[in-house]
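Worth knowing before you read on, the calculation uses all heavy atoms, side chains too, and leaves out hydrogens, waters and symmetry mates. Because the structure is predicted, anything quoted here is derived from the model rather than measured.
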Amino acid sequence: MDTQIIQLVVNGIAVGSIIALAAVGLTLTYGILRLSNFAHGDFLTLGAYLTLFVNTLGLNIWLSMVLAAVGTVLAMILSEKLLWSKMRSIRANSTTLIIISIGLALFLRNGIVLIWGGKNQNYDLPIIPALDIFGVRVPQNQILVLALAVVAILALHYLLQNTKIGKAMRAVADDLDLAKVSGIDVDKVVLWTWVIAGTLTSLGGSMYGLITAVRPNMGWFLILPLFASVILGGIGNPYGAIAAAFIIGIVQEVSTAWLGSQYKQGIALLIMIVVLLIRPKGLFKGTI
């Protein structure tokens with residue numbers, strides 16, 4: 001295989017791991033809350049900027065990521081209290097929810113520009129030389145990103161499969177009314193959904209900042225690959241979203257060898273359209 005293609009595959013794995021983390025949060029909010037949250041990419045951006053803010057105060061990057069995740073979760077819970085819980089109480093339709101989420105996305109993005117400005121910024125990190133593996137240059141940050149993603153995904157798997165709240169989340173996703181009748185605390189499930197989505201999405205934003213510049217529209221440019229991953233993986237299925245994210249990340253990056261980087265978004269859109277035409281339910285069963 002050509003060295004350039006291998007290099008692009010490596011880049012695609014790193015990007016795919018970031019898309020995977022954020023896509024899990026997006027698919028959970030849809031599967032449990034029935035919310036197509038177009039502000040999700042901008043919460044990812046918020047996580048990156050909060051990491052930048054804490055990092056510039058002198059704290060190391062790992063502690064910065066943790067504190068940024070806490071801040072992002074709090075912002076998501078605030079949006080739940082001010083917007084989404086009220087919308088559910090009046091049984092707002094999906095069109096209304098989508099319009100509100102787009103408005104929230106614009107609010108977050110412009111707020112970030114107002115506070116941090118519109119220019120590209122970088123974390124305060126030492127310059128680490130890339131590793132040369134059989135002629136392929138692999139930045140050490142990409143290896144860290146993949147390792148962090150794997151740890152986060154394993155932690156999510158344990159939570160969903162082996163904890164009481166994870167089983168409650170799966171029950172609510174399968175049948176909300178039945179879950180209520182069974183005595184499951186739906187409000188607690190909703191809160192945990194935002195905690196998990198916020199944590200993973202913020203980590204995705206922080207890690208994206210490690211391999212590229214931190215900029216106000218970074219999450220907006222990822223929103224199409226995020227939705228493509230959710231649809232390809234089966235809506236509401238976090239494991240499907242993870243697998244689909246790696247597929248889309250690799251295909252997007254490899255496509256630049258022939259089409260150029262300006263068409264990466266188009267590749268994600270094309271994958272999404274093809275899947276919707278051939279297999280509307282996605283490659284995997286759309287359930288937690």
Side-chain angles (χ1 to χ4, degrees), residues 1 5 8-9 11-44 92-105 149 153 156 160 170 172-176 193 197 200-201 204 208 217-288:
M1 192 185 294
I5 300 299
L8 291 171
V9 169
N11 295 344
I13 291 171
V15 173
S17 63
I18 290 162
I19 295 173
L21 290 178
V24 166
L26 186 60
T27 204
L28 283 176
T29 53
Y30 185 86
I32 294 171
L33 307 176
R34 301 297 184 264
L35 171 64
S36 299
N37 190 3
F38 280 82
H40 200 78
D42 292 282
F43 278 112
L44 179 146
N93 61 39
S94 57
T95 304
T96 301
L97 296 176
I98 288 171
I99 292 170
I100 290 173
S101 73
I102 292 172
L104 178 59
I153 289 166
L156 173 72
L160 288 177
R170 286 186 286 150
V172 171
D174 285 338
D175 192 320
L176 175 60
T193 301
L200 294 179
T201 303
Y208 198 35
N217 57 5
M218 59 193 292
W220 181 247
F221 285 132
L222 280 178
I223 197 67
L224 195 55
L226 288 178
F227 273 101
S229 299
V230 170
I231 291 169
L232 180 62
I235 295 174
N237 186 333
Y239 304 111
I242 291 165
F246 281 103
I247 293 170
I248 287 173
I250 292 169
V251 171
Q252 273 193 163
E253 291 299 317
V254 171
S255 71
T256 61
W258 297 280
L259 301 176
S261 60
Q262 67 269 31
Y263 293 107
K264 284 198 288 188
Q265 296 289 310
I267 293 297
L269 179 62
L270 178 63
I271 292 172
M272 189 165 66
I273 291 170
V274 170
V275 170
L276 285 171
L277 289 173
I278 298 173
R279 192 178 171 85
K281 291 184 179 180
L283 298 179
F284 307 93
K285 186 181 177 185
T287 178
I288 295 178

Heavy-atom pair of closest approach, residues [X] and [Y]:
X    : Y    : result
T27  : N237 : OG1-N, 3.5 Å
L226 : A22  : CD2-CB, 3.4 Å
I19  : G249 : CD1-CA, 4.4 Å
S101 : S36  : OG-O, 3.5 Å

Measure the spacing between [atom1] of [X] and [atom2] of [Y] and express it to the nearest 0.5 Å.
X    : Y    : atom1 : atom2 : result
I248 : I231 : CD1   : CD1   : 9.0 Å
I100 : L35  : CD1   : CG    : 9.5 Å
L26  : L222 : CG    : CG    : 11.5 Å
L44  : T201 : CG    : OG1   : 6.5 Å
L21  : I242 : CG    : CD1   : 8.0 Å
F43  : L104 : CZ    : CG    : 4.5 Å

Does [Y] offer a backbone N or O that forms a donor-acceptor pair with the side chain of [X] under 3.5 Å?
X    : Y    : result
S229 : P225 : yes
H40  : G25  : no
N93  : T96  : yes

Q) Going through the distances and angles, do D42 and W220 end up as a side-chain contact (heavy atoms from CB on, under 4.5 Å)? A) CA-CA 6 Å; D42 292 282; W220 181 247; 4.2 Å; yes
Q) Do any pairs count as a side-chain hydrogen bond (donor to acceptor under 3.5 Å, both in side chains) and have a residue in residues 241-253, sequence neighbours left out, and if so which ones? A)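 Non-adjacent pairs meeting side-chain hydrogen bond (donor to acceptor under 3.5 Å, both in side chains): E253-K264.
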Q. Can you check whether L160 reaches P238 side chain to side chain, under 4.5 Å on heavy atoms?
A.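 Contact flag for L160/P238 side chains = yes.
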Q. Are Y239 and I153 close enough that some pair of their side-chain heavy atoms sits under 4.5 Å apart?
A.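 The answer is no, as the side chains (C-beta and beyond) never meet within the 4.5 Å cut-off.
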Q: List in chain and number order the residues that pass ring-ring contact (aromatic ring centres under 6.0 Å, His included) with F227, two or more places apart in sequence or in another chain; answer none if no residue qualifies.
A: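 Listed in chain order: F38.
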